[in-house]
Amino acid sequence: MSMQQEIIARLGVKPQINVDEEIRKRVDFLKEYIVSSGVNGLLIAISGGIDSAVATGLCIRATDELTQEKGKEYKTLGVFQPYGEQADIADSYAVAEAFKLKYRVETNIEEAVNEIALEAEHALKSIGEHRHLSRGGKGNVKARTRMVMQYALAFELNLLVVGTDHASEAITGFYTKYGDGAVDITPLSSLNKRQVRQLAAALGVPKSVLDKAPTAGLWEGQTDENELGITYEANSDYLEGKEIDPAVQEKLEKQYLKTEHKRSPIPGI
């Protein structure tokens, strides 16, 4: 078995999908886990990107169906988490409107992130390192602060925190360990980015979200493809078992090996 075949098998990506079947399967997956966990519903952070939009659509279908079937209300809580002013936050609210999201809150993380960064810089100074946090370091603080807030709300409301990671992110490790990777359930995990887009179109994700460049939103001007140097088209082709440019394949597989620690259980002895 080639490395490509091993990765595809591990991540569970299909070479092609039936969109309606995939939506049904993932909604049922969420419903079953809600019931078995004894919770009141789901919490999803709505970033304004396509992945969280698709997850939101699936979550709302799941909790709406359970509410009808069980005779008690199950809720999906959407959380908007800008750092200061978020240029595209209108897209987050557009997703909420498109899916008629009843419960939504906005929690601005700027003050909390800046306080953590300041304390970390004081700690560095105490050991002779007189500098600010790196851009990537502060980006990780943002991602982890967002999850602290999500879990604070989820605990109080007895909700499960839903993740938006999918196979195209898993193969590159393009998420923050214990940040956006720290969730209770991931309904998109065996889809590649192209397939996420297919679900988005079927679910009715707003066009402004469908058309925008994917970004983690951790600093101004950041985009996934520019940061990785690998397009999602090539990434998706690879995960569907297709041949891609050998140089791109090598870069993708090196990134996979480099980020193995993110996909593996915590080692211990």
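Keep in mind that what you see is a predicted model, and the values were worked out from it rather than measured.
- By the 4.5 Å heavy-atom criterion applied to side chains, Val205 and Phe99 are counted as neighbours.
- Counting non-hydrogen atoms of neighbouring residues, nucleotides and ligands closer than 6.0 angstrom, the NZ atom of Lys254 reaches no more than 12 such neighbours.
- Atom NZ of Lys70 is separated from atom CD1 of Ile34 by 11.0 Å, given to the nearest 0.5 angstrom.
- Within the 3.5 Å criterion, the main-chain N or O of Lys262 finds a donor-acceptor partner in the side chain of Tyr175.
- Looking at Tyr151 and Val161, their side chains come closer than 4.5 Å, going by heavy atoms from C-beta outward.
- For Arg24 and Glu65, the salt-bridge test passes: some basic side-chain N is under 4.0 Å from an acidic carboxylate O.
- Nearest heavy-atom pair, Asn108 versus Pro82, reported as atom, atom and distance to 0.1 Å: OD1-O, 3.2 Å.
- Using modelled atom types and a 3.5 Å distance limit, the side chains of Arg26 and Ser190 yield a donor-acceptor pair.
- Between Lys193 and Glu233 there is no salt bridge, since none of the side-chain N atoms of the basic residue sits less than 4.0 Å from a carboxylate O of the acidic one.
- Between the side chain of Thr172 and the main chain of Glu169, a donor-acceptor pair closer than 3.5 Å is present.
- Contact annotation: the side chain of Tyr256 approaches that of Met3 to within less than 4.5 Å [non-hydrogen atoms, C-beta and beyond].
- Interatomic distance, CG of Leu124 versus CD of Glu119, reported as 11.5 Å (0.5 Å rounding).
- The only option from Thr63, Asn158, Leu42, Leu159 that meets the side-chain contact (heavy atoms from CB on, under 4.5 Å) definition with Lys75 turns out to be Leu159.
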Between His166 and Asn192, does the side chain to side chain donor-acceptor pair (under 3.5 Å) criterion hold? Intermediate values first, please. CA-CA 6 Å; His166 48 74; Asn192 64 33; over 6 Å; no
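- Leu239 CG to Ile244 CD1: the interatomic distance, rounded to the nearest 0.5 Å, is 9.0 Å.
- A donor-acceptor contact closer than 3.5 angstrom links the side chains of Tyr238 and Glu253.
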For Lys25 and Glu21, run salt bridge (Lys or Arg N to Asp or Glu O under 4.0 Å): C-alpha distance rounded to whole Å, both residues' side-chain angles, the deciding distance at 0.1 Å, then the answer. CA-CA 6 Å; Lys25 178 174 72 175; Glu21 288 179 3; over 6 Å; no
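- A cation-pi arrangement is not found for Arg104 relative to Tyr93, the charged atom failing to lie both closer than 6.0 Å to the ring centre and inside a 45° cone about the ring normal.
- A salt bridge is defined here as a Lys NZ or Arg NE, NH1 or NH2 lying under 4.0 Å from an Asp or Glu carboxylate O, and Asp91 with Lys212 meets this definition.
- When the shell of 6.0 Å around CD of Glu111 is examined, it contains 12 or fewer heavy atoms from other residues, nucleotides or ligands.
- Inter-residue side-chain proximity for Leu133 and Glu121 is flagged as met; some heavy-atom pair is nearer than 4.5 Å.
- A donor-acceptor distance shorter than 3.5 angstrom exists from the side chain of Gln5 to the backbone of Ser2, with no hydrogens or angles considered.
- Hydrophobic clustering places Leu160 together with Val54 (ILVMFWY residues linked when any side-chain heavy atoms are closer than 4.5 Å, directly or through intermediates).
- A distance-only check finds a donor-acceptor pair linking the side chain of Ser92 to the backbone of Ile46 [under 3.5 Å].
- Exactly one residue among Gln86, Gln150, Arg146 makes a side chain to side chain donor-acceptor pair (under 3.5 Å) with Gln81. That residue is Gln150.
- Counting heavy atoms from C-beta on, the side chains of Val183 and Met147 come closer than 4.5 Å.
- The minimum heavy-atom distance linking Val162 with Cys59 is given by the pair CG2-SG, 3.7 Å.
- For the pair Thr186 (side chain) and Leu188 (backbone), a donor-acceptor distance under 3.5 Å is absent.
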Test log, rule side chain to side chain contact (heavy atoms under 4.5 Å, CB included), inputs Ile171 and Gln255: CA-CA 8 Å; Ile171 189 175; Gln255 183 69 15; over 6 Å; no
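- Linking Ile, Leu, Val, Met, Phe, Trp and Tyr residues whenever their side-chain heavy atoms come within less than 4.5 Å places Ile44 and Ile185 in a single cluster.
- No salt bridge links Glu129 with Lys125; every basic N to acidic carboxylate O contact stays at or beyond 4.0 Å.
- Scanning all heavy atoms of the two residues, the minimum distance from Val248 to Ala234 falls at CG1-CB, 4.0 Å.
- What you find for Lys258 and His261 is that their closest heavy atoms are O-CD2, 3.7 Å.
- Using a 3.5 Å distance cut-off with no hydrogens or angles, the side chains of Ser168 and Asn235 do pair a donor with an acceptor.
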Chi angles and distances behind the side chain to side chain contact (heavy atoms under 4.5 Å, CB included) call for Ile17, Leu199: CA-CA 10 Å; Ile17 61 170; Leu199 264 64; 3.7 Å; yes
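- Both Leu58 and Tyr74 belong to a common hydrophobic cluster when Ile, Leu, Val, Met, Phe, Trp and Tyr are linked at side-chain heavy-atom distances under 4.5 angstrom.
- Between the side chains of Asp237 and Tyr232, no donor N or O sits under 3.5 Å from an acceptor N or O.
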Please test Ser52 against Thr164 for side chain to side chain donor-acceptor pair (under 3.5 Å), starting from the C-alpha separation and ending with a verdict. CA-CA 6 Å; Ser52 68; Thr164 63; over 6 Å; no
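- A continuous path of ILVMFWY side-chain contacts below 4.5 Å connects Val209 to Phe80, so both sit in one hydrophobic cluster.
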Please evaluate residues Glu243 and Gln4 with respect to the criterion side chain to side chain contact (heavy atoms under 4.5 Å, CB included), reporting the C-alpha separation (whole Å), side-chain torsions for both, the decisive distance (0.1 Å), and the verdict. CA-CA 10 Å; Glu243 288 188 15; Gln4 183 179 16; over 6 Å; no
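- Criterion: ILVMFWY side-chain heavy atoms under 4.5 Å apart, direct or through other members. Under it, Leu191 and Tyr33 are part of a common hydrophobic cluster.
- Note that CG of Asp245 and CG of Leu252 are 11.5 Å apart. Values are rounded to the nearest 0.5 Å.
- Note that CD1 of Ile60 and CG of Leu101 are 4.5 Å apart. Values are rounded to the nearest 0.5 Å.
- Under the 4.0 Å criterion applied to side-chain N and carboxylate O atoms, Lys14 and Glu22 are assigned as salt-bridge partners.
- Taking a cutoff of 4.0 Å between a charged side-chain nitrogen and a carboxylate oxygen, Glu260 and Lys177 do not qualify as a salt bridge.
- A donor and an acceptor atom, one from each side chain of Tyr83 and Asn114, are located under 3.5 Å apart.
- Within a 6.0 Å sphere centred on CD1 of Ile127, other residues, nucleotides and ligands contribute more than 12 heavy atoms.
- Taken from CD in Gln16 to CZ in Arg194, the straight-line distance is 11.5 Å, to the nearest 0.5 Å.
- Between the side chain of Asn40 and the main chain of Leu157, a donor-acceptor pair closer than 3.5 Å is present.
- Across all non-hydrogen atoms, the minimal contact from Lys138 to Ala117 is CE-CB, 4.4 Å.
- Between Ala202 and Val19, the shortest heavy-atom contact is CB-CG1, 3.5 Å.
- Crowding of His132 atom NE2: a count of heavy atoms from other residues, nucleotides or ligands under 6.0 Å not exceeding 12.
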